[in-house]
Amino acid sequence: MQSNGNFVSTIEDVLTHTRFTDALSYKGPFRNFNNLLHDHPELREKWFAYKNARYIAYVKQTIAFENNDFESDFDDDE
């Protein structure tokens, strides 16, 4: 849910920001968030772009960590 909250912090319109913040604080936050996205198609597109960028960053970070860990395994053998 942290990604949702980070995304909501980028919403500039005060009323829309408040609606999304409230949606995340109620029971069923993911459903509430998705329901609001359907009411705001422009934000829905931004959400998917934001989410994809977060996934890509996560994968890159994981690969970098694994590569460093892999290299350190060989360093220990010397």
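Quick note: numbers below take in every heavy atom, side chains included, and nothing from hydrogens, waters or symmetry partners.
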Could I get the full list of ring-ring contact (aromatic ring centres under 6.0 Å, His included) partners for H17, not counting sequence neighbours?
none
Results of side chain to side chain contact (heavy atoms under 4.5 Å, CB included) for D13 - residues two or more places apart only:
L15, T16
Would you compute the distance between atom [atom1] of [X] and atom [atom2] of [Y] and round it to the nearest 0.5 angstrom?
X: N67; Y: T62; atom1: CG; atom2: OG1; answer: 11.0 Å
X: F33; Y: N4; atom1: CZ; atom2: CG; answer: 4.5 Å
X: R44; Y: H40; atom1: CZ; atom2: NE2; answer: 13.0 Å

Listing, residues 48-58 side-chain donor-acceptor contacts under 3.5 Å, not counting sequence neighbours, or none:
from : atom 1 : to  : atom 2 : distance (Å)
Y50  : OH     : R54 : NH1    : 3.4
N52  : ND2    : F48 : O      : 3.3

N/O donor to acceptor pairs below 3.5 angstrom from side-chain atoms of residues 22-31, sequence neighbours left out:
from : atom 1 : to  : atom 2 : distance (Å)
S25  : OG     : D22 : O      : 2.8

Would a 4.5 Å heavy-atom cut-off, applied to side chains only, mark D39 and R19 as touching?
yes
Heavy atoms, side chains only, cut-off 4.5 Å: are S9 and F20 in contact?
no
Smallest heavy-atom separation, F7 atom then L43 atom, equals CZ-O, 3.6 Å
